[in-house]
Amino acid sequence: MAALHSFYLAPEAWSLPFRLGGSEARHLSRVLRVKPGATVRLFDGYGREGMFVVDVISKNTVNLTLRNERITSRPPARSTLAAGFSKALRRGWFMEKAVELEASALWFWQGERSQAELPELEKNSWRSSLIAGAKQCGNAWLPELAMLRGGASALVARRSSFERAFLFYEGDTEDRLLRQEDLTGAGDILLVVGPEGGFSPQEFSLLKGADFIPVSLGKRVLRWETAAILTLGLAWWARQRP
Ligand code: SAH
């Protein structure tokens with residue numbers, strides 16, 4: 001049985017006549033060399049996915065017929081990871097893993113010790129990393145992506161939308177290790193990781209004062225992407241229990 005290939009079709013394009021264009025059409029026809037008559041899976045990034053039969057493959061478009069579709073509802077307890085903006089190193093890789101681990105939202109915030117400036121506009125490559133991650137793992141939901149300007153205050157401004165918020169701190173958390181029960185239970189959680197340079201004392205006290213609970217992941221000081229992936233991994237793992 002040939003592998004079932006997945007392709008992204010934006011919600012606004014999810015209507016008759018079903019058609020893939022651009023990079024998704026090229027990926028299907030030239031890279032994967034899928035032939036007419038094959039069955040493929042399309043998803044829209046908002047929980048909707050469908051099984052389609054490939055009808056006509058032309059130069060830059062692929063026409064398909066919908067066989068059946070289903071909606072995967074949004075997970076009840078959502079995890080938002082807010083990472084201090086860092087240099088591009090491994091960012092694409094990180095975003096693909098974040099989709100695999102079902103981050104509901106990925107925010108990049110401008111830390112005082114970030115070693116890169118948040119770009120004016122979200123990079124197209126970021127979205128394609130999320131889509132690549134979703135195609136590979138089958139997650140029908142793409143994380144909401146946001147760039148928060150205004151430093152740690154932007155996180156404080158959004159604190160009230162969450163049941164709980166954790167500040168992953170590389171410094172002294174008075175031995176407050178992250179606990180499994182921090183990540184389970186109802187309600188959305190906000191998980192904040194600092195940039196390469198860590199949190200400044202001002203950022204730490206601002207967030208702690210706004211009911212972000214400082215927690216440690218363990219003795220070693222980890223790189224931001226290790227801490228971020230570990231955090232998302234633990235949140236995903238904790239949700240596997242029925
Ligand atoms: N340059 C800083 C380290 C920053 S690590 C220093 O040398 O102190 C980047 C981010 O990863 C931190 O801000 C924190 O959010 C997270 N992190 C790293 N190690 C951690 C740990 N052991 N526990 C909790 N968070 C950690």
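Every number for a ligand or one of its atoms is a count from 1 in the order of the listing.
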[X] side chain to [Y] main-chain N or O, any donor-acceptor pair under 3.5 Å?
X    : Y    : result
N60  : G21  : no
T226 : L222 : no
R41  : G138 : yes

Relative to the heavy atoms of Y169, which atoms of ligand 1 are at a distance of less than 4.0 Å?
23 (N), 24 (C), 25 (N)

Give the numbers and elements of all ligand 1 atoms closer than 4.0 Å to a heavy atom of G198.
4 (C), 13 (O)

Shortest protein heavy-atom distance from [atom], along with the residue and atom involved:
atom                    : result
atom 10 (C) of ligand 1 : G194 O, 3.6 Å
atom 3 (C) of ligand 1  : V221 CG1, 3.5 Å
atom 15 (O) of ligand 1 : F168 O, 2.5 Å
atom 8 (O) of ligand 1  : E170 CG, 3.7 Å
atom 9 (C) of ligand 1  : P195 O, 3.2 Å
atom 5 (S) of ligand 1  : L222 O, 3.1 Å

May I ask you to say whether [X] pairs ionically with [Y], meaning some side-chain N is under 4.0 Å from a carboxylate O?
X    : Y    : answer
R127 : E122 : no
D55  : R19  : no
R113 : E196 : no

Given that the side chain starts at C-beta and the backbone is N, CA, C, O, which of these parts of [X] lies under 4.0 Å from ligand 1, counting heavy atoms, or is it both or neither?
X    : result
T226 : neither
R220 : backbone
A228 : neither

Taking distance alone, with N or O pairs closer than 3.5 Å, would you say [X] contacts ligand 1?
X    : value
A227 : no
L217 : yes
V192 : no

Answer with yes or no whether V215 contacts ligand 1, where contact means a heavy atom under 4.0 Å from a ligand atom.
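A heavy atom of V215 does come that close to ligand 1.
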
Interatomic spacing from CD in E144 to CH2 in W107 - rounded to 0.5 Å:
6.5 Å

Roughly how far, to the nearest 0.5 Å, is the CG atom of L191 from the CG atom of L230?
11.0 Å

Centroid-centroid distance, F166 to F212, less than 6.0 Å
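Here the rings of F212 and F166 have centres that are no less than 6.0 Å from each other.
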
Hey, mind stepping through W141 and F43 against ring-ring contact (aromatic ring centres under 6.0 Å, His included) and telling me if it holds?
CA-CA 8 Å; W141 284 90; F43 66 97; over 10 Å; no

Where the closest heavy atom to atom 2 (C) of ligand 1 is concerned, which of R113, E196, E203 has it?
E196

